[in-house]
Chemist: 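Structure below; questions to follow.
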2 protein chains.
Amino acid sequence: MSEDIRTDPSRKTPRYARKTADQRREVLLQATLRCIVRLGVEKTSIRAIAEEADVSVGLVNHHFGSKEALVAAAYRHIADTLLHEIEARVADTGGSARDRLSAFIRASFSPVVLDRSLFRAWLAFWTLQAQAPEISAVHKERYGAYRKVLEELIAEFQQETGVATLSPRMAAIGLSGLLDGLWLEWCLEPETFSPEEGITLSETWLRTVVEARPAG
Amino acid sequence: MSEDIRTDPSRKTPRYARKTADQRREVLLQATLRCIVRLGVEKTSIRAIAEEADVSVGLVNHHFGSKEALVAAAYRHIADTLLHEIEARVADTGGSARDRLSAFIRASFSPVVLDRSLFRAWLAFWTLQAQAPEISAVHKERYGAYRKVLEELIAEFQQETGVATLSPRMAAIGLSGLLDGLWLEWCLEPETFSPEEGITLSETWLRTVVEARPAG
DNA sequence: GCTCTTGTTGAACAACTGTTCAACACCGTG
DNA sequence: CACGGTGTTGAACAGTTGTTCAACAAGAGC
């Protein structure tokens, strides 16, 4: 019988490196996002994630308990990243509320957000939302934060101009609806309109917020 | 050995009823939509569809060739139904272009469209769109028709008023974006705003189309 | 250098998936 | 009333899936 190379005690290079739980979780999270973006949800299996993270299949459930928990964590991560990205651009701009709203709009049509492979990740999360309460909770929390930022900017903008034809709440719902709708349609079919046209349309809405008469 | 009841030739009630290909296809299509709505895409398997249609597993591939073809057919069916529903309401209203646009908006926020379980079906189709060219083609075709209806109504509306601050194309993209965005957000979290508020916001956009100065 | 904790492995498992196809049986035709 | 074509069946197939867990081994503490 030949010797089993796998159990050869003279081996010098370690077969794996031990990491702390936090480190491993981060690695698995990033691998999950890459898989969802690259392969789509359908094909994002535990085995695909494990391979992407250069890790064995068993480790995923060891660190996250279940695939659902891992995906929920990935959702929270991606939502946080995008909101922080937009907030950072708004903060960098500074200036009047009007200027910062424009920065918010421009950030919403930047390549970081207008990313079709990222869109596939969102579709995945939304699909899971109906069944997984954990994911639904993450959505509620993240989306509330997103709209709150908009609402405060709009309230400030209306104070600057002294005109307010729509309540900040309604105006924010309208703007986020427009931004999300254009984002959705662009991701589904990018030939329909350009990001610049999207910015123009959103700016038009912004003007509505302080100019148009209330709808009858 | 006991007799096998399944091959008992004295059986009186037929085990199945033969149908034409068109009839079977229709039955399978409806069963597929019910499954997607009830179970979500993940759980919508050939076996689930077959059971829902009271039919054996083999019949699905016999009539549609593959699961993908069946789902694409279901997409086309559901998209057609919704667009026709909206167009019918617009036609029933008649009157000025302005009135018909309002009818379009009201129809878009009616329970037929604002249906969370229907939303799950759309998510399914969008998810598959990235991989399945057949589904992508159906989307392009149906969505183009949707926007064309809006564009023509808006052009007519602008002729009525004699004012046009946005091109019909841009105005239609903006309105469909707003409608879709609000629809998306409502389906994900219905507590955020009421359908009536959605109608108000969309009507506000309509006013923009003939009143607001072009965006700088 | 040894021990011990514990992060890591991967074969095994049960439950699914879409697809195939030979056998079956319904029902119009002769 | 028997024939035959064809719509229908469902077991079988070759994959896949998420999860489990006994065995392993890395690397810190002594």
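All values below were derived from every heavy atom in this structure, side-chain atoms included, with hydrogens, water molecules and symmetry-related copies excluded. Proteins get letters first, then strands, A, B, ... in listed order; numbering begins at 1 in each.
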Chemist: Looking at B/Lys67, I want to see if its NZ is surrounded by more than 12 non-hydrogen atoms of other residues, nucleotides or ligands under 6.0 Å.
Modeler: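 It does: B/Lys67 NZ has more than 12 such atoms within range.
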
Chemist: Before we go on, tell me: are the rings of B/Phe104 and B/Tyr146 under 6.0 Å apart, centre to centre?
Modeler: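 B/Phe104 vs B/Tyr146: aromatic centres under 6.0 Å.
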
Chemist: Any ion pair linking B/Glu26 and B/Lys19 (charged N to carboxylate O, less than 4.0 Å)?
Modeler: no

Chemist: Quick one: A/Leu59 CG to D/dC21 P, roughly how many Å, whole number?
Modeler: 17 Å

Chemist: Classify the angle between the aromatic ring planes of A/Phe125 and A/Tyr75 as parallel (below 30°), tilted (30 to 60°) or perpendicular (above 60°).
Modeler: parallel

Chemist: Hey, which sits more toward the 5' end of DNA chain C by its nearest nucleotide, B/Ala17 or B/Glu68?
Modeler: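 Result: B/Glu68.
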
Chemist: Look for any protein N or O under 3.5 Å of an N or O in nucleotides 16-18 of chain D and output each such pair with its distance, or none.
Modeler:
residue	atom	partner	partner atom	Å
D/dT17	OP1	A/Ser45	OG	3.3
D/dG18	OP1	A/Lys67	NZ	2.5
D/dG18	OP2	A/Ile46	N	2.8
D/dG18	N7	A/Arg47	NH1	2.8
D/dG18	O6	A/Arg47	NH2	2.7

Chemist: A/Lys19 NZ to C/dT9 P: how many Å, rounded?
Modeler: 11 Å

Chemist: Dump the pairs, protein N or O against N or O of nucleotides 28-30 of chain C, anything under 3.5 Å, distances to one decimal.
Modeler:
none

Chemist: Listed in order of residue number, which residues of residues 48-55 of chain A have a non-hydrogen atom at under 4.0 Å from DNA chain D?
Modeler: none

Chemist: Using atom CZ of A/Phe64 as one end and atom C1' of C/dG7 as the other, report the distance to the nearest whole Å.
Modeler: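 My rounded result for the distance is 15 Å.
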
Chemist: Report yes or no: do B/Asp115 and B/Ser117 form a side-chain donor-acceptor pair below 3.5 Å?
Modeler: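 Present: a donor and an acceptor within the cut-off.
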
Chemist: Does B/Arg98 come within less than 4.0 Å of B/Glu156, counting only side-chain N to carboxylate O?
Modeler: no

Chemist: Quick check against the 3.5 Å criterion: does B/Arg120 have a side-chain atom that pairs as donor or acceptor with the backbone of A/Thr127?
Modeler: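 Judged by distance alone, no pair lies under 3.5 Å.
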
Chemist: What nucleic acid atoms does B/His62 come within less than 4.0 Å of, heavy atoms only: base, sugar-phosphate, or nothing?
Modeler: base

Chemist: Rounded to the nearest 0.5 Å, how far does CG of B/Leu206 lie from CG of B/Leu178?
Modeler: 10.5 Å

Chemist: Does the pair A/Arg89/A/Glu85 count as a salt bridge with the N-to-O cut at 4.0 Å?
Modeler: yes

Chemist: Pull out every protein N or O sitting under 3.5 Å from an N or O of nucleotides 2-5 of chain D, one pair per line with the distance.
Modeler:
residue	atom	partner	partner atom	Å
D/dG5	N2	B/Arg18	NH1	2.8
D/dG5	N2	B/Arg18	NH2	3.0

Chemist: Check this one for me: any side-chain N or O of A/Ser56 less than 4.0 Å away from OP1 or OP2 of C/dG10?
Modeler: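 No, because none of the side-chain N or O atoms of A/Ser56 sits under 4.0 Å from OP1 or OP2 of C/dG10.
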
Chemist: Would you indicate which nucleotide in C/dC24, D/dA25, C/dG10 comes nearest to any side-chain atom of B/Tyr16?
Modeler: C/dC24

Chemist: Is the centre of the B/Phe119 ring less than 6.0 Å from the centre of the B/Trp183 ring?
Modeler: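 Yes, the ring centres sit under 6.0 Å apart.
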
Chemist: Looking at residues 20-34 of chain A, who's got a heavy atom less than 4.0 Å off DNA chain C?
Modeler: A/Arg24

Chemist: Are a donor atom and an acceptor atom from the side chains of A/Thr208 and B/Thr204 found within less than 3.5 Å of each other?
Modeler: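 Not at all, the side chains of A/Thr208 and B/Thr204 share no donor-acceptor pair under 3.5 Å.
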
Chemist: Could you tell me whether B/Glu197 and A/Arg169 make a salt bridge, using a distance below 4.0 angstrom between a side-chain N and a carboxylate O?
Modeler: yes

Chemist: If you draw a 6.0 Å radius around CD in B/Glu141, do more than 12 non-hydrogen atoms from other residues or ligands fall strictly inside?
Modeler: yes

Chemist: Short question: side chain of B/Glu185, backbone of B/Leu182 - any donor-acceptor pair under 3.5 Å?
Modeler: no

Chemist: Sequence neighbours left out, what passes ring-ring contact (aromatic ring centres under 6.0 Å, His included) with B/Phe64? Give chain and number order.
Modeler: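 If we apply the ring-ring contact (aromatic ring centres under 6.0 Å, His included) test to B/Phe64, skipping adjacent residues, there are no hits.
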
Chemist: Donor-acceptor check, side chain of A/His63 to backbone of A/Leu59, threshold 3.5 angstrom: yes or no?
Modeler: no

